[in-house]
Amino acid sequence: MRRLTPYLLALPSWMWLGIFLVVPMAAMASVSLQTGNAIDGFAMTFSFSNYSDALGRYSTQLLRSLLYGGLATVAMLVIGYPVAYWIAFKGGTRKSVYLFLLLLPFFVSFVLRTISWNFLLSDNGILFGTLKGWGLLPEDFHVLATTFAVVGGLTYNFLPFMILPIYVALERVDPRVIEAAQDLYATRTAAFRRVVLPLSLPGVFAGVLMTFVPATADPINAQILGGTANTMIGNIIQTEYLTNLNYPTASALSFTLMAVLLVGIFIYARALGTENVLEAAAR
Amino acid sequence: MAELNAIELEDVVKEYLSHGEVVQAVKGVTLGIAEGEFFSLLGPSGCGKTTTMRMIAGFEPPSKGLVRLHGKDVTNVPPNKRDVNMVFQSYALFPHMSVWDNVAFGLKQRKTPQEEIRRRVGEMLEIVDLTGREKRRPREMSGGQQQRVALARALVNRPRALLLDEPLGALDLKLRQAMQIELKRIQREVGITFVYVTHDQNEALTMSDRIAVMNDGLVEQLAGPREIYERPATAFVAGFIGTSNLLTGTANGGVLKIGGGRVLVPGGDGDVTVTVRPEKITIGTEEPAEGLSAVRGTVAEVVYLGTYNSYAVSLADGASATERSEGANQARHLGDDRSAARGGTIITVFQQNALDATATAERGDSVWLSWQAQHSYVIGS
Amino acid sequence: MAELNAIELEDVVKEYLSHGEVVQAVKGVTLGIAEGEFFSLLGPSGCGKTTTMRMIAGFEPPSKGLVRLHGKDVTNVPPNKRDVNMVFQSYALFPHMSVWDNVAFGLKQRKTPQEEIRRRVGEMLEIVDLTGREKRRPREMSGGQQQRVALARALVNRPRALLLDEPLGALDLKLRQAMQIELKRIQREVGITFVYVTHDQNEALTMSDRIAVMNDGLVEQLAGPREIYERPATAFVAGFIGTSNLLTGTANGGVLKIGGGRVLVPGGDGDVTVTVRPEKITIGTEEPAEGLSAVRGTVAEVVYLGTYNSYAVSLADGASATERSEGANQARHLGDDRSAARGGTIITVFQQNALDATATAERGDSVWLSWQAQHSYVIGS
Amino acid sequence: MSTRGTRLGDRLLHIYTWIIIVWLSSPIAVMILFGFNDKKSKSNTSWQGFTLRWYAELFDISDLTVALRNSLVIAAVSTVITVVIGTMLGLALGRHRFRGKGLTNFLVFAAISTPELVMGASLLSLFVSGNVPRDANTIIVAHVLFSVSFVVVTVRARIVTLDPSLEEAARDLGATAWGTFRQVTLPSILPGVMAGAMLSFALSIDDYVVTSFVNGSTVTFPLWIVGAVKTGIPPQVNVMGTLIFGIGVLIAIGNAVAARRRT
Amino acid sequence: ACGVQGQKAAPPKADAVKDYWAKQTKHGKVVFANWPEYMPEDQAPLKKFQQATGISYEYKEVIQENAEFFGKADPVLRAGQPLGYDIVVMTNGVQLQHMIDLGYATPLDHAQLPNFEANAGQKYKERAYDPGNKYTVPYTSGVTGIAYNTKYVDDDITSIEALFDPKYKGRVGMMGDAQEIGNFAMFALGIDPEKSTEADWKKAGEKLKAQRDDGIVRKYYDQSYIDAVAKGDVWLSMAWSGDVFQRQLAGEPVKFVVPEEGGTIWTDNMLIPKGAANPVDALMLMDYLYQPVVAAELDEFIQYVTPVPAVQDLLREKAKTAKGKDKKALEDMVDSPLMFPSEADYAKLRSYTPLTTQQEQVFNPIFQSITQA
Ligand SMILES: Nc1ncnc2c1ncn2[C@@H]1O[C@H](COP(=O)(O)OP(=O)(O)OP(=O)(O)O)[C@@H](O)[C@H]1O
Ligand SMILES: Nc1ncnc2c1ncn2[C@@H]1O[C@H](COP(=O)(O)OP(=O)(O)OP(=O)(O)O)[C@@H](O)[C@H]1O
Ligand SMILES: NCCCCNCCCN
Ligand SMILES: [Mg+2]
Ligand SMILES: [Mg+2]
């Protein structure tokens, strides 16, 4: 009985993840090697060329997605770290309140937030319209339909997922270790650079993981905030899947995307010197 | 203070604001610590030891008063510019750095040449006997080893003084004793001023040149171990350091009548409090000679302690003698004076198991206790 | 074992699989603990004390051997069905429950009537002197108070035996001493068998009726405190319990020539190891009388320890005497035999500060050490 | 001097933190504001005066009401399932050694790092080929899938810091395995469980991408909004967003007050 | 899932259709999936339907784009599962063709469509994509033209060239739908889409690419173009007629024109997806909408081209009794060639390029490579 306990505890999740994650992925892998069209049907032909074709056609969008995802992740890191730092070390008794405030927008739906941005940033909307009215902005100034808007939207939407893990890591840093560094002649900056920052790296790692992946694959921000040259791989997969019913291409692209992300994560983990990615990610 | 002290505190006060109330952690401490001295701050939990130490290190600015290091006022100098180093209670080793990098940290911050860093860190690891373990991470080391890394990390900078905040507090008894020996040896070897915080009186007695006994934000007595032990300045000190028997009563011509006997109080007259250490008392069945303090009682309990036996002797009449042992004292600290109440008219006597392994007296025996006049010490307050 | 023991272990072995390797935590322990006894398991860290205790409580099934409680084989009975209760080293109080609910927990599990729960918990809180604090949460109490809650929580179930795993390990020295007194009192009051795990030899000596000294998964000696201290069965026991001087050499007609003197070893011949306790040795400048063991040496160090002075005396010639003090012993445990090497030919002597506060000998003095023949104890291994 | 410098830096960071909070909430503020806009034209884009009309007419758009109710029910149900199975797995990973632990960790990691789009598309293929009609149930399945890992992670973090002797103490005092879990383990890991629950509720209420694949004809709040945005969102959406937001704030305040009372 | 089977359906046998309908009964419930802005906010026509028939309804504005909607519906219908809607509305075009070809549309029982038979205009009974209205009946027709925001555009837009005018750099909205955008590029090039060839498509693609690369296009829109024009994020955009009229009526500064080079006429059609739960109720609703009064009420709101000619007279009658602003609005509607086009008007308008599945696989990538760069 004692021996069985962990298996019984794990069983429901195993089943859930197995049936709804592993099996569909396997099915998708198989579809990605088929050929045909939606009207006449698809057949398994082991055409690995689906991958090269898809990549050939959509390398721009894939690279762009990685770029946007990367830019947004860097932006989140730069913007979010100081916040996590302040809350962890100076938040005092109100830490959880600050964290909750950061999370609050998440209760009103991703799309609604993005739409609100679209509304707020509208060329002649309450913000820019007013400023233009006062002559503070040129008439044709706009933010929407630009790369900036898309990357900004991604940054906005995933920021809390960067802040939370960094906060958790920083909160675990023993303040006495910082004092020890200062005691050993480190200035505040040096103490931060040599002690606090390295100790928070597992949090940074988790944060990057939790933001880079969804940001890179996200179709919504490009769709709502982007313009003509901001199409991301997520939009392409959506089009191929839903509009063109080109399931093999859509599947091949999905797998390529996941593979690229995974490889990226492992390289990144290496660079950080994290021996065990899974563990770091799990923490 | 005539010569230049390594460390001087002048009427230092530290107040914290906690939930809107002002808490005085340190209420006015003045002290000077000489160059090369092994100086201990001893006192119960919450008496202000750590706070005092942190003001010396520069982590907390004093609310009032001055801190001087080698004659220089450093009250407003940040910790990284003070020529003292600290060893933290929990070591505060950098968990992400190897032993070597931990020890080299301070030198690197001061931009010491690479070559010199290598040499000095190597030497220091030699001293703390960790050569060959340079590459390990702190968590891969035992508590005692971590302790030595923390020590090396501070000492390698050749500070003018080393501050140690309960450096052995987290170790178990055996290991603590071993490290006490090591610490003493290292201090002798490097010849640096040590300021040592502890709440363990044995530790303080064994190691220190001088001890400041603190209580409630104030220094109650500052003296060498022997003086602190033999001549406690206050009842608090008497009770906190070792076991003490406190006898109170009205002396008459240098004699305090008590427990069917007499306590000689040279020059004592009127209401007095007298302390006698348990090891000064001789237990016997014969009535003692004239020149000694002597009281009668019944053995209530004998505890075998290996090196010595401890006798609890209940005095013959209900004299107001109080055993002020560690236990009772501590119990009172807990806001629980049950044990103290039980103590009643109990006197504790230690007798070394020198000659015979069996006790000289058994539970229930009627005995005489005696000690020399000079060992009754009248305390100030 | 003729009468019914409260607890019996019969050749109990416990093996763990750790990183693919089999680790024998307990290598074969057989012992019987009598009803109402205060029984201690004493030994260094990692020797298997906790493991032994956990097998008694039922948290770990033994790999081999039997566990009997009151004659009944319980080897395969789960902990919630065993009539013993445990007090954990870290107390393991339920942080989300009040003191009352913590203490009532066990009774509720056994569906004791509400009324009885109220009565028994009330009584127990009375015994541990926590009446009036029923509503507090554990973290709102001091360490000593938490300790007593843990005790009450176990005792209220009136177990046939109480298992205590280093219950005082987390307390500071003063508080530990106070709680030792309390524990003894409570055991006397409730009359239950106590099995007590500790690595503190003083604690074991003070409190126990019998002690099992464990080392490396085995019981090295099982006896009363006095016997353990005065007649250690092995070199390990001698070194672990208190401070011991170990003298080795070749005895000739009951005499071991050493340190420019003689050690009387009644009946000893050939290669022997002899222990002498530091408190048995008299230090003096005169050559001792004939009937005593006597060696010559130089005082290397005097440490003032309040109650007594500790002298380290370096023997006159390079005899193979080893100070086997706690420190040296511990240092060796750390895989560091530096201090031991230093020890060389040092003999430790304790002298109670009974008569005079000043030491009888100073550092550098040439002295005679003497002790009675009966205090040289030839150890088994 | 240095201490003053410190305080200045801290103060700047404090202000900065608030700026970020304001930034994160600014679209919410606009959303709340325009829930009070007395708009006359079809689109709700410029301020035309204050009204409480939309609060009164909150439930006038019946399919919007249905969508919101769907979202709340789906979030509630999927949160319950997620919390139960996620806590179980968190316990297993944090407390036990077992075969396949490494693989399980990988699965948990994989579920977090699978792009939503990929998850949605592959789930849809599964349901279609398995002949499973898509409705609220399939949405719940999907939402549990993408949030379960978060619960596992938070619960496991909590479990590994939980002193195992607490549970042993309960056993020692006569509690059964289940009794121990109920009376000791669960209350101790509750903060982690609650954090996981909050996160999964938020993720569920929030989700568009995955839901859009597996919804069948069931419309959730985000889906409805994406539909409506094409032609301008009615103010009722703002009002509903405001109400959800407001309830969140109330929970936060309640939490903070309770936490303060506890200490 | 090794291989997804194609299933081009054979035309239904008349008997089979009869049998099917013979087995169906009224359930008192209908689920209607439609495009946004195709129903008054108060859903009055549907409420009246409910009162009249006792059939309760669910109305869902879930269709934003034909391709996307079909994309989501296809796997479901392919698996033989119910879509969850009893009526869906799709534009004449490739996706509707697929619905029919794949057998995803339930053949209609004309015996139960008396109002349609009686009131639908002749034009709406003779459509190439669904001869004899076997599967679909029109919901409404409409025109794709240009909408512009009069606050920002002072000129009277008449030519399609305005969409390619560098003057409006970054202020032009185009549609993301391949067929819509393809048509407009071909108009600009003077090509008739209905007769266009692959070479024409490529040329059209070039034209659009240049337009995009010159930064003239701000974004490729779906239904959301209307909000963008109304807000002024884009100043002029491809647009659907009725959407713009509705905004105009609501007082927003938008105007709709059919460029002189041509506009696209399309028809949105109601159909009953295969496996629908309530086909009888669906049929009843479809037929109900063909009552002239109902059609008039609907058209007065959505202002598209109604398939019921009698509406024009009804609205004219109503205009007579109406007052002030309403009167003016109604009169404008009645006279509008974009709500009641004459034969001559129709002649100027074009349909989408008809595409076979093979052609579609050439056509779509050409235009998607523009819109999805
Ligand atoms: N940051 C602070 N805010 C408020 N009060 C404090 C703060 N730091 C210390 N105190 C209070 O000041 C008093 C002295 O604390 P301090 O840490 O110096 O004691 P200590 O002698 O080191 O005790 P211990 O032996 O327990 O470490 C205590 O009552 C403590 O509660
Ligand atoms: N679960 C386990 N798996 C593997 N080895 C174990 C386990 N538990 C204990 N051990 C090993 O068994 C030995 C005995 O451990 P035990 O905890 O009984 O020692 P102890 O005497 O209680 O020590 P301490 O005084 O440090 O508490 C140790 O070497 C320990 O590392
Ligand atoms: N607001 C309703 C718009 C309907 C448009 N349907 C036709 C789309 C052709 N691509
Ligand atoms: Mg302290
Ligand atoms: Mg143990």
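Chain letters run A, B, ... following the sequence lines, proteins first and then strands; every chain starts at 1. Just the heavy atoms: all of them, side chains too, but no hydrogens, waters or symmetry mates, feed the values below. In this text the structure is predicted, and so the values were computed from the model without any measurement.
Heavy-atom contacts from other residues, nucleotides or ligands closer than 6.0 Å to NZ of C:K81 number 12 or fewer. Residue D:R99 qualifies as open at atom CZ: its count of foreign heavy atoms under 6.0 Å is 12 or below.
Listed by first and then second residue, the side chain to side chain donor-acceptor pair (under 3.5 Å) pairs that reach into residues 66-80 of chain C are C:E8-C:R68, C:E10-C:R68, C:E35-C:H70, C:H70-C:R160, C:D73-C:T75, sequence neighbours excluded.
Residue D:Q183 touches chain C through both its backbone and its side chain, counting heavy-atom pairs closer than 4.5 Å. When heavy atoms are compared at a cutoff of 4.5 Å, C:L93 approaches chain D solely by way of its backbone atoms N, CA, C and O. Contacts of C:R153 with chain D are made by both backbone and side-chain atoms, with heavy-atom separations under 4.5 Å. For C:N157, the part lying near chain D is the side chain, with the backbone staying farther off; criterion is any non-hydrogen pair under 4.5 Å.
Nearest heavy atom pair, residue D:L166 against residue C:A92, reads CD2-O, 3.2 Å. Here the closest non-hydrogen pair linking C:F88 and D:E168 is CE2-OE1, 3.6 Å.
From D:S188, atom OG reaches atom CZ of C:F94 across 8.5 Å, with rounding to the nearest 0.5 Å. Considering CE of C:M86 and CZ of D:R171, their distance stands at 14.0 Å, rounded to 0.5 Å.
Using a 4.5 Å cut-off on side-chain heavy atoms (C-beta onward), D:V184 and C:F105 make contact.
Contacts with chain C (heavy atom to heavy atom, under 4.5 Å) involve these residues of residues 172-182 of chain D, listed by number: D:D172, D:L173, D:G174, D:A175, D:T176.
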